[in-house]
Every structure is written in C-alpha cells, then in structure tokens.
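Here is the structure we will look at, set down as structure tokens.
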There are 2 protein chains.
Amino acid sequence: MMVDMTDTATAAAALAGVAGLLADRTRATVCLALMDGRAWTAAELAGAAGVARSTATEHLNLLVAGGLLIEVRQGRHRYVRLSDDAAELVERLSAAAPPGSPPPVRSLTTAHRQRALAAARTCYDHLAGTLGVAVTDAMTARGLLSWDRGLSLTGDGEHWFTALVGAWPPATRRPLVRSCLDWTERRPHLGGATGAALCAHAVEAGWVVRSRRSRALRVTDAGRAALREQLGLELPPAG
Amino acid sequence: MMVDMTDTATAAAALAGVAGLLADRTRATVCLALMDGRAWTAAELAGAAGVARSTATEHLNLLVAGGLLIEVRQGRHRYVRLSDDAAELVERLSAAAPPGSPPPVRSLTTAHRQRALAAARTCYDHLAGTLGVAVTDAMTARGLLSWDRGLSLTGDGEHWFTALVGAWPPATRRPLVRSCLDWTERRPHLGGATGAALCAHAVEAGWVVRSRRSRALRVTDAGRAALREQLGLELPPAG
DNA sequence: CCGACGGTTCGGCGCCGGCCGAACCGTCGC
DNA sequence: GCGACGGTTCGGCCGGCGCCGAACCGTCGG
C-alpha cells in the first residue's frame with residue numbers, strides 16, 4: 001500500500017510535469033508556432049511569443065528537457081523543432097479545449113509533414129527548403145559539387161558559377177562552400193559564400209521573389225525555366 | 001495579420017488552459033484516481049489526494065468547468081467521474097512522460113470500461129455496482145419491485161423481504177425504497193431503507209464480505225448460491 | 001425538533017514561476 | 001585584430017495559484 005501510494009504519487013507528478021510544460025501561454029504559443037513543422041531559432045520564437053530572448057531561452061530549456069522539443073545547435077544559432085510525440089499531444093490538447101468555436105484550431109494531419117512555407121525559403125542568406133535541397137542535389141548530379149573530404153565546388157562547378165553569376169565571391173574568411181543541414185528536408189543544402197551569392201543572383205535575376213513577412217520564397221516562371229536550363233532541374237508548377 | 005495574431009493567441013490560451021488543468025499534482029492525482037472509471041465523491045478524492053475538502057472542492061470546480069470531469073449531485077453527495085475525452089488525454093499525457101521506467105503507468109484500454117472494483121461495492125449503505133444492479137434487475141423480473149409511479153416494493157416484494165430478512169426496517173423518515181443511479185453501470189439500483197437492510201443481511205449472512213480499505217465487496221460461494229435460490233440470479237464465478 | 005455529515009465559501013498566507021534587463025560568452029564575417 | 005549578433009546567465013520583481021481553517025449551508029436520518 002505504501003508502495004502503491006508512492007507509485008501513484010510519482011505518476012501524478014509525471015503527469016503534472018508534462019502537462020505543465022504546455023500549461024503556459026508563452027510555451028503554448030511556441031509549440032503552436034512550431035506546428036508548421038519547421039525548425040525555428042530561439043530569437044524567432046521569442047518574437048513570435050512576444051517575450052525577451054532570455055525568457056525564450058528558459059522556456060526552450062524546459063521544453064527540450066521535457067522531450068517536447070528537439071534542438072540542434074548550428075553555429076551561433078539554436079534551432080528547435082517539435083518532436084513527433086509533442087506534435088500529437090498539442091493537437092489532441094487543442095482539440096480538447098472546450099471554448100469550441102472561437103479558434104478553429106489548425107489540425108494538421110501529423111503536423112511535421114506540413115510543408116506550406118517549407119517549399120522554398122532562405123536560410124540566413126542562402127537557399128533552403130525543398131528548393132535549396134533540390135538545387136544542391138542537381139548541382140551534385142551535374143558534377144558541380146563534390147562531397148569528398150567535405151563539400152566543395154569541382155572545377156566544372158567553378159566554371160559554371162562564374163559563367164552564371166559573373167563575379168567570384170570576394171575573398172573573406174567565410175568559407176566558399178558549406179554544407180548546411182536543412183531542417184524540413186533533413187538533408188544538407190548549399191551554404192557559404194557561394195550559396196549566398198547564388199541566392200542573391202536568384203533574387204536579382206528574378207528567379208525567386210522574397211516574401212515581405214517571412215523567409216519564404218516564391219519561384220517565378222522565369223526561375224523555373226532558368227533552373228531547368230542551368231541545372232536540368234524540373235520543379236513542379238507553382239503551388 | 002492582426003486577426004491571425006489574435007487567433008493564435010486565443011488558441012495558445014486555450015491550449016495552455018487545458019494543459020493547466022492537469023498541470024497540478026493534486027488535480028493529476030484526482031484524475032489518475034478517477035481512471036478506474038468509477039464515480040468518486042469529493043471527500044473520497046480529497047482523501048486520495050491528501051488535501052482538505054475545501055481544496056478538493058476548488059479543484060473539482062476547475063476540472064468540471066474545463067469539461068474534464070462530469071458531475072452529478074445526489075443528495076448531499078457530489079459524484080464526479082472522468083469524461084471519456086479526459087480519460088484519453090490522461091492516458092496520452094502519462095505515456096508522454098519522459099521519466100520512462102519509474103512508474104509503469106497503468107494504461108487501461110479506454111479507461112472508462114475498467115471494472116476491476118466496480119463489480120460489487122457498497123453505495124453508502126446498500127449494494128451497488130454490477131451486483132447491485134443485477135439484484136435490482138432480478139427483483140424487478142420476479143415482480144418484487146415495481147417502477148410505476150417511482151420505485152416501490154410490490155406485495156410479493158414485501159413478503160419476500162420479510163421472509164428473507166425477518167424484520168421490517170424500522171419506521172423512520174428515510175424512504176423504504178429509493179432508486180439510486182449507479183455510476184459505473186449507469187443504471188439504477190435499489191437504495192433506501194430496504195436496500196440498506198438487504199445489504200446488511202447480505203453481509204451478516206456471509207453472502208458478501210467487505211474490503212477493509214475500500215467500498216469493494218466480494219461475493220462468496222454461499223452468496224452466489226443464495227442469490228440463485230432467492231432470486232434466480234446467476235452470477236459468474238469469482239473473478 | 002436535533003445532531004451528524006458532505007460540501008462550499010471566504011480570507012489569508014506562502015511559494016513558485018514567468019518576466020525583464022544587464023552583463024557576459026561564442027560565433028560570424030570583415 | 002574588430003564589431004555585430006544570437007544566445008545564455010543571473011538577480012530581482014511581481015502576480016497568481018494552491019493550500020488551509022473557520023464559518024456556513026443543505027441533506028440525511030433519528
């Protein structure tokens with residue numbers, strides 16, 4: 001009986017603990033934002049929730065420790081995404097909210113597959129999302145990128161790049177090419193100075209247009225044509 | 001965009017609100033106790049959670065208002081049971097608790113069907129649970145109880161009762177028979193002075209034995225035989 | 001009528017948790 | 001080397017929430 005008491009006590013504590021992670025407006029806002037399936041930085045989430053960066057840090061620590069969020073540090077950024085378990089929990093709890101009508105809680109069939117904004121976006125200053133990965137794959141397939149001993153441009157790649165962009169990226173301490181993990185695709189895409197220059201060229205040449213309110217990009221018809229010509233890359237029509 | 005902000009804000013508040021209901025140790029203990037599928041009184045839950053009755057009242061108010069608990073007032077008692085939605089939520093949240101090994105969280109396939117202790121028990125001072133309902137049904141089938149104009153004993157019922165128990169219940173203001181809703185069976189069983197006397201007889205005659213730590217009853221072999229003889233009631237063997 | 005008892009209300013207390021700003025650290029890109 | 005920037009740590013403030021006990025209400029049963 002003493003054993004039973006202890007067990008139910010710890011079970012209650014565990015239950016209250018998990019529920020407590022979502023029992024705060026700020027943390028709930030963070031999890032709801034992450035329901036889009038993407039990985040966000042701490043500062044982005046702080047902005048979305050309307051709190052100071054330091055406050056966001058504390059909340060993220062709790063959510064990560066509780067297993068609801070999965071984090072990956074990349075450079076000076078802390079990326080965080082919703083775990084699959086957490087996504088389901090958030091969905092069920094939202095559905096159980098009695099207020100009923102007011103918020104037509106966005107129910108995403110297993111949220112982590114939601115790709116609305118994930119199709120094409122910028123990652124800092126280079127192409128990311130399905131577009132970024134597709135471009136990187138196409139460059140690899142054409143022998144423009146080499147993955148031996150880390151990512152690098154091949155000779156063909158250097159020729160292709162200068163022919164396309166015109167100028168070589170200025171010599172700085174920033175590496176020319178860098179492999180950057182994409183957190184919706186879970187695969188690497190092209191970063192570094194070359195990636196940044198390529199992205200800038202895509203914008204200037206009208207291949208893509210930036211969204212005013214997010215990192216999302218929209219591929220134009222001209223962009224689709226250019227990518228087909230340059231890289232043999234076939235993108236599906238606008239969606 | 002302002003609309004969108006507002007929506008996600010209310011959605012976050014709703015999510016945090018539901019989670020907050022389970023984010024307290026006492027409320028979590030209450031819900032875990034209710035996972036046995038039975039309806040408990042406020043005082044029982046206060047005892048189970050180790051808090052004052054007044055505190056339990058406040059928690060029950062919150063849980064009922066949030067739709068997690070369903071309450072029914074009966075006389076001076078406040079019965080409360082877990083809603084089906086809440087049972088599922090509790091189960092999922094418990095499963096998501098990271099501690100992992102310590103508590104082997106009792107996962108009951110859709111908890112509200114759990115009948116472990118529900119088979120036979122007392123309700124205040126009369127028989128309840130499947131046993132109470134079965135006895136009531138058998139008495140009705142034999143013409144001992146009438147449901148016209150409220151529940152009452154028939155002439156045959158009065159004869160049967162005096163022959164069995166020997167003495168008629170003392171004349172008090174307490175009604176002789178009363179229909180009492182059973183919250184595991186969701187059907188009425190026999191209460192009132194007659195029900196109490198019948199229960200007392202069942203205990204004295206050794207038909208059932210009381211549990212020391214709960215309201216549970218165990219039907220003896222002798223009790224099974226007596227019920228078969230008296231009411232033609234066939235109970236399944238001991239479980 | 002009465003006493004017993006389950007439940008509720010209310011005032012008050014103490015603690016914990018969310019928030020911020022300031023200082024600090026590490027990485028980035030020049 | 002430097003400045004810019006994302007993130008973290010720390011101290012401190014504040015509000016809210018969970019708790020209790022005492023008083024009270026309604027029902028029950030004699």
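Here is the naming used below: chain letters follow the sequence lines, and residue numbers restart at 1 for every chain.
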For A:Arg76 and C:dT27, what is the distance between atoms CZ and P respectively, to the nearest whole Å?
11 Å

Could you give the CZ-to-C1' distance, from A:Arg73 to D:dG7, as a whole number of Å?
8 Å

Starting at atom CG of B:Leu63, determine the distance to atom P of C:dG7, rounded to an integer number of angstrom.
15 Å

Mind checking side-chain hydrogen bond (donor to acceptor under 3.5 Å, both in side chains) for A:Glu58 and listing every partner two or more places apart, or none if nothing turns up?
none

Whole-Å distance, A:Tyr79 OH to D:dG6 P, equals 11 Å

Where the side chain of A:Thr136 meets the backbone of A:Leu190, is there a donor-acceptor pair that is under 3.5 Å apart?
yes

Please answer whether the main-chain N or O of A:Tyr79 pairs with a side-chain N or O of A:Thr41 as donor and acceptor at a distance below 3.5 Å.
no

Would the distance check show the side chain of A:Arg27 and the main-chain N or O of A:Gly20 forming a donor-acceptor pair, the cut-off being under 3.5 Å?
yes

Whole angstrom value for the distance that separates C1' of D:dG18 from CG of B:Leu22
16 Å

Judged by atom type as modelled, is there a donor-acceptor pair below 3.5 Å linking the side chain of A:Arg53 to the main-chain atoms of A:Ala43?
no

Nearest heavy atoms of B:Ala19 and A:Leu93, plus distance in Å
CB-CD1, 4.4 Å

Using five pairs at each end of the helix from C:dC1-D:dG30 to C:dC30-D:dG1 to define an axis, what is the angle between those two axes, to 10°?
40°

Without decimals, in angstroms, what is the distance between B:Leu176 CG and D:dG29 C1'?
13 Å

Minimum-distance nucleotide to B:Ala43 side chain [options: D:dG7, C:dG6, C:dT27]
C:dG6

Could you tell me whether the phosphate oxygens of D:dT8, OP1 or OP2, come under 4.0 Å of any side-chain nitrogen or oxygen in A:Arg78?
yes

Rounding to a whole Å, what distance do you find between B:His77:NE2 and C:dA4:P?
17 Å

Considering only nitrogen or oxygen atoms on both sides, find all protein atoms under 3.5 Å from nucleotides 18-25 of chain C and state each distance.
from	atom 1	to	atom 2	distance (Å)
C:dG18	OP1	A:Arg27	NH1	3.2
C:dG18	OP1	A:Arg27	NH2	2.7
C:dC19	OP1	A:Thr26	OG1	2.5
C:dC19	OP2	A:Thr26	OG1	3.4
C:dC19	OP2	A:His59	NE2	2.3
C:dC20	OP2	A:Ala52	N	2.8
C:dC20	OP2	A:Thr55	OG1	3.0
C:dG21	O6	A:Ser54	OG	3.0

Nearest whole Å is fine: how far is D:dG7 C1' from A:Leu45 CG?
13 Å

Of the non-hydrogen atoms in B:Leu32 and A:Ala11, which two are nearest, and what is the gap between them?
CD2-C, 3.7 Å

Okay, side chain of B:Thr162, backbone of B:Glu158: is any donor-acceptor separation there less than 3.5 Å?
yes

Side chain A:Arg25, main chain B:Ala13, donor-acceptor under 3.5 Å
no

